[in-house]
Structures are given as C-alpha cells and as structure tokens.
Amino acid sequence: MEESLVKRLAGPSTGKAGLAKDQTEINRIIAQASKGSKFFENERRKDQELTQRIHKLIKHRDELLKGIDVGTLSHSASVLICKLSQSQILNLETSQRDLSQYIVHADMDAFFAAVELLDNPKLKGHPFGVGKGVLTTASYDARQYGVRSGMPVMGILRQYDPEMLAAGADEAFLNITNYCKEHSMSPEECVQKLQTHVHAATSLTVSAGIAPNKMLAKICSDKNKPNGQFQLLFNRDAILSFMRDLPIRKIPGIGRVTERLLDAIGIKTCGDIYSQRAVLFLLDKQFHSESLFLTYLGIASNVVQPMHRNERKSVGSERTFDPINDPGLILQRLEQCAQDLEGDLEDKGWAGQTVTLKYKLDTYQAIVILRLTVFTRAKSLTRFVSTKKELLTIGKSLLLTELPLCIRLIGLRVTKLKDLRAPENQGVKRLMASPSKKPPQDVVQKEETDVDLEEERAMAEYEDEIDQEAIMASQAAADEAENDDVDSTSPLTSNPITAFSKRKLVEPLTHDNPSSAQKPTSVTRQVVDRTEPETFTCPICDKSLAVDNDSLNQHVDFCLSKDAIMAATIMSNESSKRRKL
DNA sequence: GCGGATCAC
DNA sequence: TATGGTGATCCGC
C-alpha cells in the first residue's frame, strides 16, 4: 500500500503534535482494519486524486523550468528573502527583526479529559474516553463543558496579559513583556509561575512556548509536552537554526495536503524552503513563496490582542446523523439547524446577508454515484436575516432543488454579517430615542438602507403578530426578485491580491486599538537584533543597494516584478546558449 | 458571488 | 467501525 495512503488513514493530525514514536505500526494496523470498507475506498480515491495533482504540479514545474536559468532564479529568490529578512512587524523605526516582545503560547494538556475528570471525579484512575466516539469535538463540547465547569483557566491567564488572545477553548497567546518587567521576572519564571498558578486552581497542566512571535511560540509549546515549557533563544541565528531542521508540517497552516505537495518538490523541513527557493519562487502561485520564505526566516506577527467582534465572518449550525432520504425527515433536521442558528445569532447579536446550505451525502452514494461528498448552496439577499423562519424559508428553497438526497449531515450558515450590537445598528432603540434624527450625509448609502430595512422589519414584528403571514409572503416575493437579480448580474470581481501580499502573516498596525499600538514603545528595545545584513548587491542588476529602507524597497520591488525577472532569466539563458554555439 | 478544498482546534 | 462541529481562508470560475 502507498505510504501516503497509510498516513492519510491515520487521520488528519498525524505528525502535527507530539505523537507516539511508533506511529507507523499503528498506521499499518489502522490501514489493515479499514481495508475494504467504504471509508477506505473513499480515502483511496482522495489519495489518488492528490497523487494526480502532484504529477501535474511536477509537469508544470518542469515546463516552466525549460526557458529559465535556475541560478538566476535562485538569486532572485535570495533578494526577496533578503528583503523579507529586513521587513518588520512592529519595529518600523529600525526596520530590524523585532525580538523585543516575549510571546507565549499556552496550551492546556488533555483539556477535555481533564475537564471530564473535574465533572466526574469517579472516573479518576480509570481509563476513559471523552465524547461519543474516539475523540471529542472542540467547540461543541466546550460549550457544554464551559457551562458545567466554568473553567477559570482563561481568567487566570489573562492576569498575565490583559490583552490575551484566546485561540479556542484550550489555547491562548499572551504577551508577557510588560508582566515580566513589572514583576522583575524572567520569561521562564513568569511562565513557571503561570503554570503553577493554573495547576493549583484547576489541577490542569499547561504546556507553554516562549518566543519572539506567535508562530514560533506555538511551535515551541509543543516541544515539552505535557506540563513543560520551551523558550527559544531571542537571537536571529538561534531562530534560523531552529527553523532549519523543523519539519514543514509543524508550521500552522501546513496540513496533510500541502505537506505532500511540498514533499514532491523536495521540501520536508523549513530549511529546505531555502534550498528549494528557486522552484518555490517559480511556483509562487501554488505555494505563496513569500509566506514560506518568512516562515523559513522565523518571522511572523507578534501582535497579541483579543479577537474583536467585527472580525467574525460567519455563524453556522450543522448536525451529523444516520443517513436519511425521507424529505420530511431531512426538513426536520434542517428546521433544527435553523432553530439552533437563530439561537446563536440571537445570543451573539448577529444577522447575515448570505445563507448557505451544506449537506454531506451518504458515504455509499458519494463513492458510487458522485465524486464529492460535501456540497454547499448559497443565496445572497439584499436584507439581513436572523430568525428561524427566515433561515428555514431560504434553507428550504436551497434544499428543494437538490432533492432527492440521501444525506448524513445538514447545516446552515450565515455570512456577510452585520453586528446588531454595534451602536450604529441599534435600529429600534435609536429610532425610539431620536425619531427625527438623520444620520450625516457621508454615511455609506448601502449601510443606511440596511439599517432602515432592519428597523422596518423589527417594527413590523412589534406591530402585529397576526400579520406574520403577510410579512412572510412579502419576503418570499422579495426573494423571487433577488433570484432574478442574482441570475442577471454576475460581474466577476477580479482578485486584487498582489504577488507580494498573498497571506496575512504580517498583521498591519491597527489604529483602532491605541493601547496595543503603543505597546512596543513602552518596552525597552535593547534586545533588538543588529545582525541582519546591512547592504547587499542585487543579483539582477549588480547594483549595490543603499541601507536606506525606502530606496531599497523601491529598487527591490522593481527587480522583483515578475516581468523583470523573467526578462532577466531568459536573457541570461539565451546568452549562455549563444556562448556555447 | 458561488462552490470546492484545505486547515485549525 | 470508520468518527464532529465551527469557522476561516484561498482558488478558480
């Protein structure tokens, strides 16, 4: 059996966190047990598709390589890497790698098992599993656990950084720079104290990584599990050598698929990113070479601040069940989703402008009849919806065109959200408080319309419950109108993403959060690394570049424009051919 | 804007 | 035996 397939069967998280060493043996057993099952067939098909994809990628690479001199390409990539090594996150004044912030990633060990233990002390000493099957879910169960146990861990962590960033139920990022300074502690001491603190209060153990940015801290927190800490040395060389041998899969965002794609072009470790820089640069479209180069350099964001409400993009609800094909039963499941989603939207204060239906086909159907298992169908509206009735109406209309189906999952999700708690969206209240007040003219027209519609809808509901049917009818009519709308107008908006800002690895300074923006200035800059190269020669034009940041960037941006590079490489290729003749 | 795919937790 | 749910992002069309 193909090695890649064995790996796939072992599950999506294989190789990510510290797993048992003899995983290959376990993999073999799992593969054996799965042989012949529908599940296995499905996985094999996906694996073969990926293998095909890899073949195409290699072919594409070789095609591109034909007209291009690899040496020159490598040099070009070097220039980009050099530029990136000087790019910086917070320290705009010096344009140096910012090593001034102590970033911690705290990761609770065996969180769900530990919480279960708190709730059911009887289980202590006995082996037990959490959840229905083998593993438990993250947020779904966390919700229950949160209610039952009232875990105080996040509260404790926040004492070390009030601007802590919670990442799920059992992880958090902290910037402990200020805490260390105020308490005259080293970062290790601080984290040790934090670990003891949490353990005393909850009997949970925490693993932590200390590093100059979030990505490195996260990787480090995995180094000494459980109940350990690992600090990276705060200097450039230590970071580079740490990255060099790090398996690429350890990088957040590199999953099973990307791992295999990268493997196919000779990249297994982050150090390989550099040795294969020419190919990565060539295949920039597929791999986001800039992101990978930053990863190789160990550069990432060190901004730690709580998630802001307006960063939320979608709210949804979905459920898995034994496969059903009876339309009535399917509708019942859909209704449940609509109900749950209404509850969530109400709780959190959101309404959405796009409703998406999701369903998963019964495995048998999926394999035999179709290639795909998961489908989504969306509908965009001109108004914002949040009630069960509205969600169900739209969900139904999306579902209807799909029937008949035999499915094992159904879900609804709303996107293009409006924050009903934002002051400007407090429709009814604002209307009541100052009925004659008109908003300023420079307010975006569309937004104004939405607010009015929202007010209208809310008012109508207050007016008369009996009128509900009439309202629904008018909404249905509006839906029809929108249908035509969507069908007749479909301008394809081109993606404005440029070659050098594909992924948001480096967060911009935000202006709406003065406290965090000021943070770096209140911290000593003595630790700032001074070993970055100060000058270099551009390999394309052989020009010696000034240290001055502006002119450097300007020059490099020019030399790195795809056209300039291709022109240069092809020219050098041609001239070398001519020399041979 | 839509739908599929990948990823994290 | 073949597994959950929530949410984000990217890409191609």
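Letters go in sequence order (proteins before strands), and every chain restarts at 1. The basis for the numbers below is simple: all heavy atoms, side chains too, and nothing from hydrogens, waters or symmetry mates.
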Engineer: Can you identify which nucleotide, out of C:dC11, B:dG3, B:dC9, has its nearest atom closest to the A:His288 side chain?
Structural biologist: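 When the side chain of A:His288 is considered, C:dC11 is the closest of C:dC11, B:dG3, B:dC9.
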Engineer: From B:dC9, B:dC2, B:dA8, pick the nucleotide closest to the side chain of A:Thr354?
Structural biologist: B:dC2
Engineer: Please state how far atom CG in A:Leu262 lies from atom P in B:dT6, giving the value in whole angstrom units.
Structural biologist: 14 Å
Engineer: On the nucleotide C:dT6, are OP1 or OP2 found under 4.0 Å from the side-chain N or O atoms that A:Arg319 carries?
Structural biologist: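 Checking A:Arg319 against C:dT6: at least one side-chain N or O falls below 4.0 Å of OP1 or OP2.
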Engineer: Give one of base, sugar-phosphate or nothing for A:Arg260, where a contact means two heavy atoms less than 4.0 Å apart.
Structural biologist: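 Nothing, no heavy atom under 4.0 Å.
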Engineer: Would you say A:Lys416 reaches B:dG1's phosphate, i.e. side-chain N/O to OP1/OP2 under 4.0 Å?
Structural biologist: yes
Engineer: Can you tell me if A:Ser314 touches the phosphate of C:dT6, counting only side-chain N or O atoms and a distance under 4.0 Å to OP1 or OP2?
Structural biologist: no
Engineer: Give the nucleotide from the list B:dG3, C:dG7, B:dG1 with an atom nearest to the side chain of A:Thr376.
Structural biologist: B:dG3
Engineer: Rounded to whole angstroms, how far apart are CZ on A:Phe375 and C1' on B:dA5?
Structural biologist: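 Those two atoms, CZ and C1', are 13 Å apart.
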Engineer: How about A:Asp109 and A:Thr205: does a side-chain donor come under 3.5 Å of a side-chain acceptor?
Structural biologist: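 Yes, A:Thr205 and A:Asp109 have a side-chain donor paired with an acceptor closer than 3.5 Å.
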Engineer: Atom CD of A:Glu259 to atom P of B:dT6: distance rounded to whole Å?
Structural biologist: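 So the CD-P distance, A:Glu259 to B:dT6, works out to 14 Å.
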Engineer: Hey, does the Lys NZ or Arg CZ of A:Arg421 hover above the aromatic six-ring of A:Trp350, less than 6.0 Å from the centre and inside 45° of the axis?
Structural biologist: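 Geometry flag: not set, cation outside 6.0 Å or 45°.
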Engineer: It should be established whether A:Arg377 places a side-chain nitrogen or oxygen under 4.0 Å from OP1 or OP2 of nucleotide B:dG4.
Structural biologist: yes
Engineer: With nearest nucleotide decided by heavy atoms, which residue, A:Arg53 or A:Ala167, maps closer to the 5′ end of DNA chain B?
Structural biologist: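 Closest to the 5' end, via its nearest nucleotide, is A:Arg53.
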Engineer: Between A:Lys218 and B:dC9, is there a contact of a side-chain N or O with OP1 or OP2 at under 4.0 Å?
Structural biologist: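 Yes, such a contact exists.
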Engineer: Please tabulate, for the side chains in residues 56-64 of chain A, all donor-acceptor contacts under 3.5 angstrom to protein atoms that are two or more places apart in sequence or on a different chain.
Structural biologist:
none

Engineer: Strictly below 4.0 Å: does A:Thr320 bring a side-chain N or O up to OP1 or OP2 of C:dG5?
Structural biologist: yes
Engineer: Whole angstroms only, please: what is the CE-C1' distance between A:Met154 and B:dC9?
Structural biologist: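 Rounded to whole Å, this separation is 11 Å.
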Engineer: Taking for each residue the nucleotide of DNA chain B with the nearest heavy atom, is it A:Lys46 or A:His105 whose nucleotide lies nearer the 5' end?
Structural biologist: A:Lys46
Engineer: From the options B:dG4, B:dA8, B:dT6, select the nucleotide whose nearest atom is closest to the side chain of A:Arg249.
Structural biologist: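 Side chain of A:Arg249 sits closest to B:dA8.
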Engineer: Under the ring-ring contact (aromatic ring centres under 6.0 Å, His included) test, which residues partner A:Tyr296, sequence neighbours left out?
Structural biologist: A:Tyr274
Engineer: Quick one: which of B:dG3, B:dT6, B:dC9 gets closest to the side chain of A:Thr258?
Structural biologist: B:dT6
Engineer: Would you kindly give the NZ-to-C1' distance between A:Lys313 and B:dA8, to the nearest whole Å?
Structural biologist: 16 Å
Engineer: When you check the side-chain N and O atoms of A:Arg413 and A:Ser314, is any donor under 3.5 Å from an acceptor?
Structural biologist: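 Checked: A:Arg413/A:Ser314 side chains pair up, N/O donor to acceptor below 3.5 Å.
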Engineer: Once you round it to whole Å, what is the distance between C1' of B:dC9 and CZ of A:Phe173?
Structural biologist: 11 Å
Engineer: Students often get this wrong, so: under 4.0 angstrom with heavy atoms, is A:Thr356 touching a base, only sugar-phosphate, or nothing?
Structural biologist: nothing
Engineer: Counting only non-hydrogen atoms, which of residues 399-413 of chain A are less than 4.0 Å from DNA chain C?
Structural biologist: A:Arg408, A:Arg413
Engineer: With no hydrogens and no angle check, just 3.5 Å: does a side-chain donor-acceptor pair link A:Arg260 and A:Thr51?
Structural biologist: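 Yes, a side-chain donor-acceptor pair sits under 3.5 Å.
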Engineer: Quick one about A:Ser380 and A:Thr354 (side-chain donor to acceptor, distance below 3.5 Å, no hydrogens or angles considered), yes or no?
Structural biologist: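 Their side chains do contain a donor-acceptor pair, which is all the 3.5 Å distance test asks for.
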Engineer: Roughly how many Å is it from CD in A:Glu318 to P in C:dG7, rounded to a whole number?
Structural biologist: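 For the pair A:Glu318 CD and C:dG7 P, the rounded distance is 9 Å.
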Engineer: Nearest whole Å is fine: how far is B:dC9 C1' from A:Asp109 CG?
Structural biologist: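 That distance rounds to 15 Å.
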Engineer: When you measure from the side chain of A:Ser380, which nucleotide among B:dC2, C:dT6, C:dG7 comes out closest?
Structural biologist: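 Looking only at heavy atoms from C-beta outward on A:Ser380, the closest nucleotide is B:dC2.
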Engineer: If we only count heavy atoms from C-beta on, is the A:Ile394 to A:Leu381 side-chain gap below 4.5 Å?
Structural biologist: yes
